[in-house]
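Okay, structure first, notes after.
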Amino acid sequence: DKGGYRHFMEKEIHEQPDAILNSLAGMTGEDGRISANMSREELQAIDGIVMLAAGTSHYASQVARYWIEGLARTPVACEIASEYHYRNPVTTGITTAIAISQSGESLDTLKAMRHAATCGLSTIGLVNVDGSTIAREADAILPTHAGPEIGVASTKAFTAQLTVLISFAVALAEAKGHIDAARADAIHDQLQALPGLVGKSLKLFDDLRPIAHQLKHARSTIYLGRGHLFPIAMEGALKLKELSYIHAEGFASGEMKHGPIALIEDDLPVVALLAADELMEKAASNLKEASARGGRIILIADERAVNDIDFEADIITVPAVDPIIAPILLTIPVQILAYLTALDKGTDVDQPRNLAKSVTVE
Ligand code: M6R
């Protein structure tokens, strides 16, 4: 049942306030504070983490690396599951594998998790489907509560994963004494405000429609982000290519000058993500360079990050947030843009060609 929406994807984009709220509730203890449902001792025993995932879930792990390293001072490696399970990984300093999977059935991720277990790591399954194979086989579970996701393109599961992962980072940081209670509670407050802010960002459909109308003619696009927005750039590019079949590539903004800037030619669409964080000025200057070379910048930004923009751009803003949660909020317009581009182009939004919702083959 699409609940009155044209596609499951459109419905699931709109379900994100609830997906985030429910997933956050799952990471909130009886005292109303963030909790990972693990004892302090269990958390303290996590010294190094390897995250195993595919596709969008892999991008969630890459955002989480910034949070876990930054807040909990715990090293994190993010591995593409299909590569990891055929490697002979060195696990020195790593205690824990976190397998991230919406379905809990991706064979690559399952095999990577089993491989990690045979290497002696304890395993945590971060899954959306209760009772799935990864949920059953993992030593511990961190559930997302996004509800069933039907559209092949992952949307609400991703923002739910990010919600759980930032909560996990805070819980780990507290157990290890790397964050004070005031900062932990401030992040929790921001997360509690997030469903409302996501709700406001869902109004961006009208603003994004004319941009999507132009974007559908592109043969190729570039997505840019820095810091923890770099994985969101890659996620945005994945959404666009799987839904609209337009070639899209996500780059770290600062890496452009090392090669990819050669791709920029007149009118190449460049979807750029910007938050009001310590990298804002540097990221904006990278965008100015792309613009000077003819790139058509579509800027998706925190409203405080656009005041000093001195290059031509289509600007889409989301409400101001603590930069730490900007990756979650900025994901919303990125999803909507891919959805609207596919809609305008007439591709099959819920069932893109060649793709399956759950990839149970290698
Ligand atoms: O169910 P999983 O999270 O394990 O799925 C992983 C990927 O197959 C999945 O995220 C895929 O990349 C989506 N189609 C992205 O929209």
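Remember, it's 1-based here, ligands and their atoms both numbered in the order they're listed. If you're wondering where the values come from, they're calculated on a predicted model, not measured in any experiment.
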Backbone or side-chain N or O of S101 under 3.5 Å from ligand 1 N or O: yes

Enumerate the atoms of ligand 1 whose separation from the nearest heavy atom of E242 is less than 4.0 angstrom. 13 (C), 14 (N), 15 (C), 16 (O)

In terms of its nearest heavy atom to atom 6 (C) of ligand 1, the top option of G55, S154, A53, A54 is A54

Less than 3.5 Å between some nitrogen or oxygen of Q161 and one of ligand 1, yes or no? no

Distance (rounded to the nearest 0.5 Å) between D302 CG and L273 CG: 12.0 Å

With nothing but distance in play, are any N or O atoms of V152 less than 3.5 Å from an N or O of ligand 1? yes

Check each atom of ligand 1 against the heavy atoms of S106 and keep those under 4.0 Å away; list them by number with element. 1 (O), 2 (P), 4 (O), 5 (O), 6 (C)

Consider every N or O of S103 and every N or O of ligand 1, then say whether any pair is closer than 3.5 Å. yes

What atoms in ligand 1 come closer than 4.0 Å to a heavy atom of T56? 10 (O), 12 (O), 15 (C), 16 (O)

Give me the ring orientation class for F205 and H14: parallel if the planes are under 30° apart, tilted from 30 to 60°, perpendicular past 60°. parallel

Taking the side chain as C-beta and beyond, is there a heavy-atom pair between P269 and Q214 under 4.5 Å? no

Closer than 4.0 Å to some heavy atom of A153 - which atoms of ligand 1 meet that? 16 (O)

Taking only heavy atoms of K239 into account, list the atoms of ligand 1 that are under 4.0 Å away from them. 15 (C), 16 (O)

Is any side-chain heavy atom of L299 closer than 4.5 Å to one of V306? yes

Side chains of Q62 and M51: closer than 4.5 Å at any heavy-atom pair? no

When you compare the side chain of I336 with that of K239, does any pair of heavy atoms fall below 4.5 Å? no

Does the side chain of I49 come within less than 4.5 Å of F168's, by heavy atoms? yes

